[in-house]
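Just so you know, ligand 1 is whichever comes first in the structure, and atom 1 is the first atom listed for that ligand. These numbers come from the heavy atoms of this one structure, side chains and all, not from hydrogens, waters or symmetry mates. Only a predicted model underlies this, so the values are computations on that prediction, with no experimental measurement involved.
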Amino acid sequence: MSQHKTPTAILISGRGSNMMSLVEASRAPGYPAEIVTVISNRPDAPGIAWAKAQGIATVIIDHKAYATREAFEAELDEALVASKAEIVALAGFMRLMTPDFVGRWQSRMINIHPSLLPSFKGLHTHERALETGVRIAGCTVHYVRPEMDTGPIIAQAAVPVFSGDSPGSLGARVLAAEHRLYPAALRLVALGRARVEGEKVSIFEDVNDSSSLFSPKV
Ligand code: GRF
């Protein structure tokens, strides 16, 4: 008997490299999530062409075609329900969502952000990390809540900041970590092993490892 895979939708607005890492991970026989649809709010998102070429069902819901955020979200919700998705993974999806929509997908919708939240919410995270002078940067996967880049944290990955880093070089290091972190986090969510309890996530798996990142190295 084939293993049950939790149907998952991915929402993108652009390049879609995190979407690709989730799709690729989902192809492993033991992976507990299946990508049933990729939805973009931008018709020209490069990630959509890639998903289509992979034979994944794709949907374009151009937010510019809707008079209100609510009307756009109603269409989005319909597409998600039609896809039978039980989990929604935002991967570079650049639209703010209303509390109503977030509530509908409460604790079933996750996002990846290129910083160690709660530091550096919003855009230009790598520029701001370099301006601030932090020695360790990283990325976070969290459950979505109405306020941007908040919500119970599921998983984080840290990378060092090197002297001489540019936003581009730091961003590439963080992105490589994102591509490893997001599939790992979705796996925990799909297995029901990342549960929200009192607005914090408890992980029901032995994932502890005491290796630490020191930057600079000591
Ligand atoms: C990633 O850095 C992600 O963390 C952020 O937007 C970027 C999307 O990149 N939310 P991609 O489209 O997945 O390549």
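The hydrophobic cluster containing Phe214 also includes Val218, under a criterion of side-chain heavy atoms closer than 4.5 Å among ILVMFWY residues, counted directly or through chains of members.
Each of the atoms 6 (O), 8 (C), 10 (N) of ligand 1 lies under 4.0 Å from some heavy atom of Gly92. Residue Gly16 has at least one heavy-atom neighbour below 4.0 Å for each of these atoms of ligand 1: 11 (P), 12 (O), 13 (O), 14 (O). Counting atoms of ligand 1 from 1 in the listed order, those under 4.0 Å from a heavy atom of Glu178 are 1 (C), 2 (O), 3 (C), 4 (O). Per-residue contacts place Pro114 under 4.0 angstrom from the following atoms of ligand 1 (heavy atoms of the residue considered): 2 (O), 4 (O), 5 (C).
Comparing Ala45, Ser17, Cys139, Ser13 by heavy-atom distance to atom 11 (P) of ligand 1, the nearest is Ser17.
Taking the six-membered ring where tryptophan is involved, the planes of Phe72 and Phe93 are essentially parallel, since the angle between them stays under 30° and well short of 60°.
Residue Ile112 places at least one N or O, backbone or side chain, under 3.5 Å from an N or O of ligand 1. Annotation: Asn18 places an N or O atom under 3.5 Å from an N or O atom of ligand 1; distance criterion only.
Neither side chain, Thr98 nor Asp100, offers a donor N or O lying under 3.5 Å from an acceptor on the other.
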Extract all donor-acceptor atom pairs below 3.5 Å that involve side chains of residues 149-157 and protein atoms in other chains or at least two apart in sequence.
from: Asp149; atom 1: OD1; to: His113; atom 2: ND1; distance (Å): 3.4
from: Asp149; atom 1: OD2; to: His113; atom 2: ND1; distance (Å): 3.4
from: Asp149; atom 1: OD2; to: Gly122; atom 2: N; distance (Å): 2.7
from: Thr150; atom 1: OG1; to: Glu147; atom 2: O; distance (Å): 2.7
from: Gln156; atom 1: NE2; to: Leu117; atom 2: O; distance (Å): 3.0
from: Gln156; atom 1: NE2; to: Thr140; atom 2: OG1; distance (Å): 2.9

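Arg145 has a carboxylate O that lies under 4.0 Å from a charged side-chain N of Glu199, or vice versa, which qualifies the two as a salt bridge.
Looking at atom 9 (O) of ligand 1, its nearest protein heavy atom turns out to be Arg15 NH2, 3.1 Å.
With hydrogens and angles disregarded, a donor-acceptor distance shorter than 3.5 Å links the side chain of Ser166 to the backbone of Ser169.
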